[in-house]
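These figures come from a predicted structure and were not determined experimentally.
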Amino acid sequence: MGNSSSMLTQYDIEEVQEYCQNLFSQQEIVSLYQRFCQLDRNAKGFISADEFLSVPEFAMNPLSQRLLKMVDGLNFKDFVAFLSAFSAKASVQQKVKLIFKVYDSDGNGKVSFNDMLEVLRDLSGSFISDVQREQVLTQLLKEAGYSKDSYLTLDDFNKVISILFYIYYSYSIFCFLQNSLIY
């Protein structure tokens, strides 16, 4: 499995499906296998960082360097497991767990203020200053009951993300009402 000259058996498909908690249909797994084989140009059975970077959307992603640490050397089963967080069937918790791993660049199971600041810097580029990023992040952590010195576990991170989504949702409603009532 994972070699472009090999084919997936029904057993392989079911094994991958179970490994990925049935978040993909059998047909989706076959399609993912075909894509995996296209990316695995040397038919080694795994995808290297360079092969991932051959996908323009991946290479252009502001978080691509962080993501590369997570995906370099994935075999087919792990490739599908990584992608399962992007499945429409994936739970919010599964998606947050992947986001947490992006922030936790050293893999110690904790996210520091600086980890979050680095991701915000990657995402915002020069659109906002370092001072503004620090102010926003400090306020967000304060709203969630944390400080700049806090190290967030996955549960803590989930709480912060929930507050962030609540703020975003509230702001979206405010903008909608403002636009519909004023204009």
Within the 3.5 Å criterion, strictly below it, is a donor on Q139 or E143 matched to an acceptor on the partner's side chain? yes
I need the D115 CG to L152 CG distance, nearest 0.5 Å. 9.0 Å
For D130 and R133, which heavy atoms make the closest approach, and how far apart are they? OD1-NH2, 2.5 Å
Closest heavy-atom pair and its distance - S84, A90: O-CB, 3.3 Å
Can you say whether the rings of F79 and F76 are parallel (under 30°), tilted (30 to 60°) or perpendicular (over 60°)? tilted
side-chain contact (heavy atoms from CB on, under 4.5 Å) for L67 and F52? Distances and angles first, verdict last. CA-CA 10 Å; L67 292 168; F52 269 106; over 6 Å; no
Report whether I161 and Y151 are members of the same hydrophobic cluster (ILVMFWY, side-chain heavy atoms less than 4.5 Å apart, transitive linking). no
Does R35 reach the side chain of L83, with side-chain heavy atoms less than 4.5 Å apart? no
Find the distance between CD1 (I29) and CG (L8) and round it off to the nearest 0.5 Å. 8.5 Å
If you define the side chain from C-beta out and look only at heavy atoms, does anything of L117 sit under 4.5 Å from V119? no
What's the shortest heavy-atom distance between S64 and A59, and which atoms? OG-O, 3.7 Å
Distance, nearest 0.5 Å, that separates CG of L120 from CG of N114: 11.5 Å
So if I apply the side chain to side chain contact (heavy atoms under 4.5 Å, CB included) rule between E51 and each of D72, V71, D40, which one comes out positive? D40
Of Q93, Q94, K89, which meets side chain to side chain donor-acceptor pair (under 3.5 Å) against S91? Q94
Is F113 close to T138 at the side-chain level, that is, under 4.5 Å between some pair of heavy atoms? yes
Spacing of S126 atom OG and R121 atom CZ [to the nearest 0.5 Å]: 12.5 Å
Separation between CD (Q38) and CD (Q34), nearest 0.5 Å, reads 7.5 Å
Check: Q65 and D122 side chains under 4.5 Å, non-hydrogen atoms: no
Residues 146-165 vs salt bridge (charged side-chain N to carboxylate O under 4.0 Å, His left out), sequence neighbours excluded, gives E134-K148
Could you see if I47 belongs to whatever hydrophobic cluster contains F24? Use Ile, Leu, Val, Met, Phe, Trp, Tyr and a side-chain cutoff under 4.5 Å. yes
According to a hydrophobic-cluster definition based on side-chain heavy atoms being under 4.5 Å apart (Ile, Leu, Val, Met, Phe, Trp, Tyr only), do Y19 and F46 belong together? no
Side-chain heavy atoms of M116 within contact of L140, under 4.5 Å: no
Heavy atoms only: give me the nearest G109-D104 pair and the separation to one decimal. N-OD2, 2.8 Å
Please output the side-chain donor-acceptor pairs of residues 95-103 that fall under 3.5 Å, not counting sequence neighbours, one pair per line with the distance.
{"residue": "K95", "atom": "NZ", "partner": "A85", "partner atom": "O", "Å": "3.0"}
{"residue": "K95", "atom": "NZ", "partner": "S87", "partner atom": "O", "Å": "3.0"}

Could you tell me whether the side chain of N75 and the main chain of K77 form a donor-acceptor pair under 3.5 Å? yes
State the CG-CG distance between L63 and L68, to the nearest 0.5 angstrom. 11.0 Å
Shortest non-hydrogen contact between S54 and P56, atoms and distance: O-CD, 3.2 Å
